[in-house]
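Shown next, in structure tokens, is the structure this report addresses.
Naming: A, B, ... by sequence-line order, numbering from 1 per chain. What you see is a predicted model; the values in this text were computed from it and never measured.
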Amino acid sequence: MSENKQHDAQKSYLEETGGRKGIFKWILSTDHKRIGLLYLYSIMSWFFIGVTLGVLMKLELIAPGITIMGAQSYNATFTVHGVIMIFLIVIPGLPAVFGNFMLPIQIGAKDVAFPKLNLLSWYIYIAGSILVVSSLFAGGGPPDTGWTFYAPYSFKTGTNMLPAVLGAFVLGFSSILTGLNFLVTIHRLRAPGMTWLKMPVFPWTLYGTAWIQLLATPIVGITLLMVIGERIFNIGFFDPAKGGDPILYQHLFWIYSHPAVYIMILPAMGAISEIIPTFARKTIFGYRAIIVSTLAIAFVGYFVWGHHMFTSGMSGTALFTFSILTFIVAIPSAIKVFNWVSTMHQGSISADVPFLWAASFIFVFMIGGLTGLILGALAVNVHVHDTAFVVGHFHFIVFGGTGFAFFGALHYWFPKIYGRMYDRAWAKTGWIIFFIGFITLYGPMFYLGIRGMPRRYFDYLPDYHGPNIISSLGALVMVTGFVIIVINLFKSARSGEKAEMNPWGGTNLEWRIPSPPPLENFDEIPTIDKATYKYD
Amino acid sequence: MAEEKHHITSYKTYLLVLVALIIFTLLSVTITQIELSRWATVAALLIAGIKSTFVLLVFMHLKFDLRIFRVMVGLIISLLVVVIFITMLDFLFR
Amino acid sequence: MYSINPENASNFVAGVDLAFFIILGVSIFFLVAITAAMIIFIRKYNREKHPEAIQNEGSTKLEIIWTVIPLLIVLVMFYFGWMGWKPMKTPPEDAMRVKAIARMWNFKFEYENGKLTDSLYVPLNQPVILDLVALDVLHSLYIPAFRVKEDMVPGNIKQMWFIPGQVGSYDLFCTEYCGLEHSYMYTGVHVMHEDEFDEWLKDTTAVAPVVAEDASPADRGFQVLVKNGCNACHSSDGSKLVGPSYLGNWGNMRKVTAGGEKTEVLFDKEYIRKSIYDPNAEIADGFNKGLMLSYEGLVSEEEIELIIEYIRSLNE
Amino acid sequence: MSNVHRDDIGSKLGMWLFIFTEILLFGGLFITYAVYRYLHPEAFHLASQELDVPIGTINTIILLISSATIAMSITAIQQKKKKLTLWLIASTIVLAAIFLINKYFEWGAKFEHGIFPGSEYLDSLGYGDVLFFGLYFFMTGLHAFHIIIGMAVLGFMFYYVKIDRLTFDNFQLLENGGLYWHLVDLIWIFLFPLFYLIA
Ligand code: HEA
Ligand code: HEA
Ligand code: CUA
Ligand SMILES: [Cu+2]
């Protein structure tokens, strides 16, 4: 590989093909930027499937009784929707796309530590996602257990559980390997002078995320393996008829899946922490506090899994511990919010597209987080657990948090990635429609939940009709916004006007190299001498 | 970065550790075969802990390696212990 | 709920709602304050009006303030959550006990005198303990108006209790996803005055719908199926639900798996009887083990005769 | 990408991180074990008497020796003793094979007694036994799977040393392979008392 060092410094990574043709210049490339884009395209494709399933559910829920599908289809729809969204989209989401693309650049490296492993992770991701999606079509019908695969139902049902579970298991490996790669990259490949405390926030959040990926994913791996063993060999780990304990399954599942929600949100917070200083032309407020809170979330987030099981009959001691820790883990998130808002104070703010996404992120994230507090309180949780309230909470924080940050990051780094700028007026139009649709879609769910409408109900009592109509209409508004956004980006990537090197006036390393970046990012590894986010 | 020097552990150290490990194994077998009731498990786990410390420090070179590796291993093992502990909070007090 | 259901529907409403409103209040305060601050900053420090940012790296004092104050606030939230929850775990000794049995996809309530019902009847102002039994998979018993919910875990009998505080009928849902007809697994709670309730309880004849004596055996068989909720899994028109359809099998050879081996058996009276009393002994091809549970003790031998009449009648 | 200088520490770090994931993978099973052991102490106690302590002990010692040999191979390669290195790696692989053969007979004997997951005999024994043997087969099975992978890895190392891809100043891969092998040993150090010695 070292022989073709003699490349033209001006050639961008998009032009540099390594002598490969057609699709091979993508699927055989070990360039972290191309791999980032591979992830972007694959994630976007699954996202279309996922959201379409979501919209189908909303159409079903527009009126009581069978509207467009029956119980079995609905159950399968929310299961596959949940599995796709969680395991295929928001968990890999920001780390795999923007982490891959930006991490090496932001820390001044030419690539990640193990480029081949990086490409392998993508292949594993594709293999896993194909398994998951194949469960839709093959054999006994799509799985119908919910994305949580709760035992004992998950090994009694006759539907395609195995491919879905196996797919989730395989995806876990992809996640682990990406995390491992990033950790070694951050530990070993920072440019000279880039000390830990000069590193931008986005790499820091990736660092925290990577640890969670590394340490939590194996637990769900082994749990899913046990479910597979259960289905094939009838071992009886979680089968009450053989003495197994279904609650233990829930413990193991959430030991992973709670930290997983922080896998989703940490890089999102990182992206927001990049966007806000850039558009406020101001050093990020409380850099150290943001770093410390990132690590605190990663660490404490490991010990609160039980808040998903408050009504499962755990001991009072466990409930006490989990509830109090749940409240404590909210503090670092609060700290971040305060620091972001303070960064805006006395800044010089340009409310451009990425900033609009970031500001709306803060808003919906607060709603999601604060309803999380309501869920975390024992007494209230008993009432709203497993109702539409929970569905509202996690769409606000997963879609509103991670999703908004994803779109924000996409609009922020788009000119760097493609070297072209999108149409800002259309982007703003799309954003406002999307935002309004979002609130209309998920807002009523809180009310429904408080009124007692259980989740995973394809049919409901007529009492709940009103809010459901509003919610379904919101979904349609959102679809409109989404289509505008996607078409705008899609067109601009091909034919938008050429973007400058630093269109937003950012200070981090990615803004000091050409757009799009050359194959090896830097002609010469930079030396860092001043703190990050310095505007002077 | 390839320039930092490697510590070379002598064969003798390895052999000594191996002998110690085997002795501990036999010890744990004997202890648990005599009637110590519930302390047997504690003793067996304690010995397993000692054995794994040996393996980690000498066989896996943690003793001679960068400090960061030791710190990481320590943290990860405590993490696992805490997770087991919190899970047991449920079952012990149910 | 908060306006629609009575505040004293059960003894827990006050505690739960208090915690809810405290957290909601604090949340709305922070949400509004922070959003307002954000909007003010965006307008006031807009690049046109404020072209030069004033750099400020942070402030330790502020960081401490906004760590400690929220910490205290969330501890208060925790406290109210805990206080609202604690009484839910300490049922009084002398409460009336009802066994709540969940299976796919209905609830049954068994009273101490053996009375068996589809929905829950309870006396006003009397503590009631529900013993929660799940027969197949996880279910969860939820009465929104009472603010109570507890998962029902097979192999693990748990308790839930409450004191109804207002006469009336309320919804009761299954809130743990349990398969195909999870959304139809709901029934009602009926709170009655104590004397009324005692009357009701004594009358053990009024158990579930009675099968009309004069109907044909096949029709009565169908009634038995309806009564026991069999049609949730079995259809009469040949369509495949969770279990095989009743239609078109009578008298044919049936491919089954028995004791791990594939064989064929005649679909006759004996097979049907066995399928109902010991369903996992012979598993019909293409279906899963463990879904159908034994109905021994729930469906009598006479009733099975009626079911057989019904299945046979489908062939005509 | 140009890899003009290689990064041994980075590579070792990667290996350690991988080992952490393996520790947590088995960690999930240890949690399961702890819970079921707590719920069924008597049955676990009795069921463990079915296991053959001498075979277990011998296997433990075999693994310990193999761990020592692979550790020594790193000393050997640093001292430029290629032949000795190859011998030590080979004996590690052979010891691993012996371990597996023992395991095979041990499992075989259990199967003959009708003890295997889902068997009617086992199901008739009661909850504790079902869970104990379920865990026993699952955990030792997963461990054996790791041994097989480890053998393959060490086989590659053997080949690399042989063709001089790994030498006295470039042996990080061998060290990583060794680390993996020690991990396998480490896990067995806990499996052994938990299954064989609690009787
Ligand atoms: C991105 C993912 C993400 C994130 C970040 C969070 C964050 C939080 N979540 Fe959420 N959660 C999910 C994804 C996420 N969650 C999902 C997917 C589920 C459902 C799974 C399923 O069952 O299918 C779920 C379910 C869930 C439950 C279980 C509900 C149930 O089933 O009964 C609970 C209960 O405690 C909970 C709590 C919290 C809390 C307290 C936080 C906190 O971390 C939030 C912290 C944020 C804030 C607090 C807001 C910002 C701060 C301020 C505005 C300042 C003011 C603050 C104070 C005064 C403290 N979540
Ligand atoms: C990232 C995570 C994510 C995202 C983005 C979404 C997006 C959506 N979700 Fe999702 N949802 C989950 C994660 C997510 N969901 C999870 C984890 C569950 C739990 C599953 C379980 O219970 O097991 C769940 C459950 C869930 C339910 C509850 C089911 C139940 O309990 O009964 C509902 C109900 O309405 C719902 C609706 C929607 C809708 C309407 C969208 C829509 O996406 C929002 C609006 C639509 C768009 C933004 C785009 C529309 C675009 C198109 C239609 C295609 C256009 C095509 C081109 C441009 C080419 N979801
Ligand atoms: Cu029973 Cu849901
Ligand atoms: Cu959680």
Side-chain angles (χ1 to χ4, degrees), chain A residues 71-72 75 146 150 152-153 156-158 240 246-247 280-283 285-287 289 311-313 316 320 323-324 327 330-331 334-335 337-338 341 344-351 359 362-363 366-367 370 373-374 377-380 382-383 385-387 450-452 454 456-459 535, chain C residues 1 15-16 19-20 23-24 27 30-31 34-35 37-38 41-42 45-47 50-58 63 66-67 70-71 74 77-78 81-82 84-85 88-89 137-138 140 142 144 147-151 153-155 158 173 175-183 287-288 290-291:
Chain A
Q72 187 64 33
N75 295 345
Y150 270 10
Y153 185 70
K156 287 199 169 164
T157 173
I247 306 300
R281 286 272 159 83
K282 190 165 163 250
T283 311
F285 193 89
Y287 171 79
T311 65
S312 70
F320 186 94
S323 176
I324 204 160
F327 279 108
I331 300 299
I335 295 175
V337 170
F338 294 133
V341 176
M344 296 180 196
H345 180 62
Q346 295 185 332
S348 169
I349 298 173
S350 130
I362 298 182
F363 180 71
M366 282 195 296
I367 299 183
L370 294 165
L373 296 177
I374 292 179
L378 285 171
V380 192
V382 168
H383 178 49
H385 168 71
D386 260 340
T387 63
I450 293 168
R451 289 281 308 278
R456 296 172 173 170
Y457 263 32
F458 97 102
D459 190 4
Y535 286 87
Chain C
M1 65 164 177
V16 171
F20 176 76
I23 303 178
L24 186 68
S27 300
F30 274 97
L31 181 68
I34 294 175
T35 312
M38 216 155 59
F41 292 164
I42 293 175
Y45 302 115
N46 197 286
R47 196 159 290 169
H50 197 252
E52 204 55 49
I54 301 171
Q55 299 301 328
N56 181 354
E57 305 241 315
E63 300 292 347
W66 62 48
T67 308
L71 191 63
V74 294
M77 292 176 177
F78 166 76
W82 174 250
W85 176 83
M88 296 184 189
K89 277 296 126 182
V137 297
L138 295 176
S140 183
Y142 176 35
R147 315 283 190 267
V148 291
K149 173 184 296 131
E150 185 76 31
D151 292 3
V153 183
K158 301 196 298 169
F173 296 110
T175 43
E176 186 63 68
Y177 176 68
C178 52
L180 186 67
E181 301 204 358
H182 165 61
S183 0
F287 295 91
N288 260 36
L291 281 168

At their closest point, which heavy atom of C:Ser183 faces which heavy atom of A:Phe458, and how far apart are they? OG-CD2, 3.1 Å
Angle class for the C:Tyr45/A:His345 ring planes (parallel below 30°, perpendicular above 60°, tilted otherwise)?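 Geometry flag for A:His345 against C:Tyr45: perpendicular rings.
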Just say parallel, tilted or perpendicular for the rings of C:Phe173 and A:Tyr457, cut-offs at 30° and 60°.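 Correct class here is perpendicular.
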Is it the case that the side chains of [Y] and [X] hold a donor-acceptor pair, with the cut-off being a distance below 3.5 Å and no angle test?
| X | Y | value |
| --- | --- | --- |
| C:Tyr142 | A:His385 | no |
| A:Ser312 | C:Asp151 | no |
| A:Thr311 | C:Glu150 | no |

Among A:Pro152, A:Ser350, A:Gly347, which has the most heavy-atom pairs under 4.5 Å with chain C?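 Of the options given, most contacts go to A:Gly347.
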As an exercise: rank A:Ala379, A:Ser348, A:Ala377 by heavy-atom pairs under 4.5 Å with chain C and give me the winner.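 Looking at each option in turn, the highest pair count goes to A:Ser348.
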Does any backbone or side-chain atom of [X] lie under 4.5 Å from a heavy atom of chain C? Answer side chain, backbone, both or neither.
| X | answer |
| --- | --- |
| A:Ile374 | both |
| A:Ile247 | side chain |
| A:Tyr287 | backbone |

Do A:Tyr150 and C:Tyr177 have ring centres separated by under 6.0 Å? no
In Å, rounded to the nearest 0.5 Å, how long is the span from CG of C:Leu31 to CE of A:Met366? 5.0 Å
Determine whether C:Trp85 and A:Ser323 make a side-chain contact, defined as any pair of heavy atoms from C-beta on separated by less than 4.5 Å. no
Between the side chain of C:Lys149 and the main-chain N/O of A:His383, is any donor-acceptor distance below 3.5 Å? yes
So does A:Thr283 get a backbone contact from the side chain of C:Gln55, meaning a donor-acceptor N/O pair under 3.5 Å? yes
